[in-house]
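In what follows, chains carry the letters A, B, and so on, assigned in the order in which the sequence lines appear, proteins first and then strands, with residues in each chain numbered from 1. What's counted below: heavy atoms across the whole structure, side chains too, no hydrogens, waters or symmetry copies.
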Amino acid sequence: MASMTREETQDLIQEVLEVYPDKAKKDRAKHLAVNDQSIEQSKKCITSNRKSLPGVMTVRGCAYAGSKGVVWGPIKDMVHISHGPVGCGQYSRAGRRNYYVGHTGVNTFGTMNFTSDFQEKDIVFGGDKKLAKLIAEINELFPLVKGISVQSECPIGLIGDDIEAVSKKMSKELEKPIVPVRCEGFRGVSQSLGHHIANDAIRDWVIGNRDGDNSFETGKYDVAVIGDYNIGGDAWASRILLEEMGLRVVAQWSGDGTLSEMELTPKVKLNLIHCYRSMNYISRFMEEKYGVPWMEYNFFGPTKIAESLRKIAAFFDETIQANAEKVIEKYTAEYEAIVAKYRPRLEGKKVMLYVGGLRPRHVIGAYEDLGMEVVGTGYEFAHNDDYDRTIKEMGNATLLYDDVTGYEFEEFVKKVKPDLIGSGIKEKYIFQKMGVPFRQMHSWDYSGPYHGYDGFAIFARDMDMTINNPCWKSMQAPWQKPAEGEAEAVAAAG
Amino acid sequence: MPNVMIRRKDDGGLLFYVAKKDMEETIATVETDTDEAWGGEVELTDGSRWFIDPISPPPQFPTTLRFKRAGD
Ligand code: SF4
């Protein structure tokens, strides 16, 4: 269908809101907007980071998910204890595909699940003793563990355990960093506060560990990659571009990252942030305390990659700037071939996104490189500053939806009729059954990487494979299809 | 009295960031901005006005300062 006008989009929002009771309607209306590029501040058109309305379907996570699942979990040489009952950790275990290298269970622990497995008696009598014992046990069974983090689940905050005291005591005893994280799931309105709490824990328990220790030889081209979780190998595909440019990547936060990389980060010359939402806090802190500047970049699709590489290079000297041009040139033939192959198959296709973190705005460029258009986008847990950054990326009169409900999303899709939806596992099967091609954009649908030039090739292939899949022509049961002669007659008539 | 982090933007302007509120605004005017002192009434591009006792010597940015809402 043709692009919608501002009025049509506005009408669509009104129509969808119609079914809600008055109070809910008023609340949800603030979270749905028609994009207007002329607006400077998103708070004028959309409200975000508010508690989800009880009774509607939301796909948000909890603070524990934001800390354990996103920020801390991927740090591979530490053990992250899901402190509390077993379920929170077990059901979310290894769901995020943060790739890493190492021997799991020997020197890396990424896909393993450690929990204090709270029972009734621990809730009644407190779990501090159990935690101390657990930490000692971990250290004995896995002597190569570099540190331990204690990720609190809901009950810990409710029963008032003193995990800080236990951590301090055990840290002294084992001579390893033990980090208590107060990320109980009930804090905040979404996983976003978990990111913030996790950042604060890094600030308080990790960042300062190497202050005054100058044994690490720094270089003038040292950078850190922050907020890349190495989903399907994303960070690796990004890192090689930076290294080809002549920069030295000292730390990866936190996909395939280690504790000592984090400790060394304040010594770099520039922090490069991919996921602004989950890691801006610590970057701001490092800027203030250590004078390390930070910069947002975007490695989705050749246009944005080239733009970002030049922006990063501009921070350094002419050698690096010349190198950046060389890197872009080196990959030009490669990505032009990809665009030439897939663009004709994807040109003009419309996409609706609903994801978290950085993706609702960062992947727009990659779709545009393939001739596709993003007609609606929204975040699960964004704040105003994310929407500020989104308005300029999206076309005028496109849809913006914050913390969209299951019902709203379905209705939007029915009316806007996109050719592709990019969202998560919870949405996937509903839309596929509605006959709309779908890609999971959290986990790259078990594919990836999507970052960097290498990632773009995979991204383009995946989108083509999904949209142009022959299965979408078989959505009707054979006996419901018009008989062969009829179909031709209909075609001839139409 | 929120804690406000002030940092320099790429274009040289000053950014006024309140973490608790996710507020990221550009500073439009500063009452006192000399070699000796920085502060007084600060107006942001969204029109809101804030106040801090002038600090001397002027602080190095980025830094975190405590502002009051200017009485209006
Ligand atoms: S909300 Fe609480 S109980 Fe539920 S997963 Fe999060 S930490 Fe666990």
Side-chain angles (χ1 to χ4, degrees), chain A residues 39-50 187-190 192-193 195-197 199-200 203 266 270-271 273 276-297 307-308 310-312 314-315 379 381-391 402, chain B residues 1-30 32-33 35-72:
Chain A
I39 290 183
E40 285 294 326
Q41 288 159 329
S42 62
K43 66 180 175 202
K44 298 216 173 87
C45 69
I46 196 160
T47 308
S48 54
N49 199 30
R50 292 283 181 281
R187 292 183 200 276
V189 299
S190 66
S192 182
L193 191 71
H195 305 143
H196 199 157
I197 293 169
N199 275 234
D200 288 354
R203 175 194 69 196
L270 178 65
N271 278 330
I273 308 197
Y276 168 86
R277 179 72 275 132
S278 59
M279 291 258 188
N280 79 81
Y281 318 99
I282 195 73
S283 312
R284 287 180 200 272
F285 173 75
M286 282 191 265
E287 180 177 49
E288 184 171 354
K289 173 136 185 232
Y290 298 95
V292 184
W294 53 275
M295 171 190 291
E296 291 168 60
Y297 71 105
E307 214 173 84
S308 296
R310 292 195 175 110
K311 202 169 115 194
I312 294 166
F315 186 86
Y379 297 79
F381 51 84
H383 299 204
N384 276 336
D385 40 358
D386 291 299
Y387 285 103
D388 287 343
R389 289 164 169 76
T390 310
I391 291 175
D402 177 69
Chain B
M1 288 221 300
N3 273 329
V4 180
M5 180 186 238
I6 313 260
R7 68 185 291 258
R8 252 190 218 292
K9 290 207 302 183
D10 298 340
D11 65 6
L14 287 176
L15 205 66
F16 189 94
Y17 174 73
V18 187
K20 280 238 164 76
K21 293 209 164 88
D22 285 309
M23 179 177 143
E24 232 184 0
E25 293 292 345
T26 309
I27 293 182
T29 57
V30 181
T32 317
D33 188 4
D35 288 343
E36 278 89 53
W38 188 93
E41 196 167 284
V42 169
E43 187 166 342
L44 310 183
T45 44
D46 70 347
S48 67
R49 290 182 300 131
W50 301 75
F51 180 83
I52 187 167
D53 285 325
I55 303 167
S56 95
Q60 287 282 330
F61 300 118
T63 185
T64 301
L65 302 168
R66 277 179 88 81
F67 276 79
K68 276 196 291 225
R69 268 199 179 275
D72 43 359

Could you check whether any side-chain heavy atom of B/Val42 comes within less than 4.5 Å of a side-chain heavy atom of B/Leu14, counting everything from C-beta outward? no

To check you understand the geometry: which heavy-atom pair defines the closest contact between A/Ile391 and A/Ile39, and what is its length? CG2-O, 3.8 Å

Applying side-chain contact (heavy atoms from CB on, under 4.5 Å) to A/Val189 and A/Leu193, what does each step give before you reach the verdict? CA-CA 7 Å; A/Val189 299; A/Leu193 191 71; over 6 Å; no

Taking all non-hydrogen atoms of both residues, which atom of B/Pro2 and which atom of B/Trp50 are closest, and how far apart? CG-CZ3, 3.4 Å

Spacing of B/Glu41 atom CD and B/Ile52 atom CD1 [to the nearest 0.5 Å]: 13.0 Å

Find the N and O donor-acceptor pairs between chain B and chain A that sit under 3.5 Å apart.
residue	atom	partner	partner atom	Å
B/Arg7	NE	A/Glu287	OE1	2.7
B/Arg7	NH2	A/Glu287	OE2	3.4
B/Asp22	OD1	A/His383	ND1	2.7
B/Asp22	OD2	A/His383	ND1	2.3
B/Glu24	OE1	A/Arg389	NH1	3.1
B/Glu24	OE1	A/Arg389	NH2	3.4
B/Glu24	OE2	A/Arg284	NH2	3.0
B/Glu24	OE2	A/Arg389	NH2	3.4
B/Glu25	OE1	A/Gln41	NE2	2.3
B/Glu25	OE2	A/Gln41	NE2	2.6
B/Glu25	OE2	A/Lys43	NZ	3.3
B/Asp46	OD2	A/Lys43	NZ	3.4
B/Thr64	N	A/Glu288	OE2	2.7
B/Thr64	OG1	A/Glu288	OE1	2.6
B/Thr64	OG1	A/Glu288	OE2	2.8

Quick one, B/Ile27 and B/Ile6 - any side-chain contact, counting heavy atoms below 4.5 Å? yes

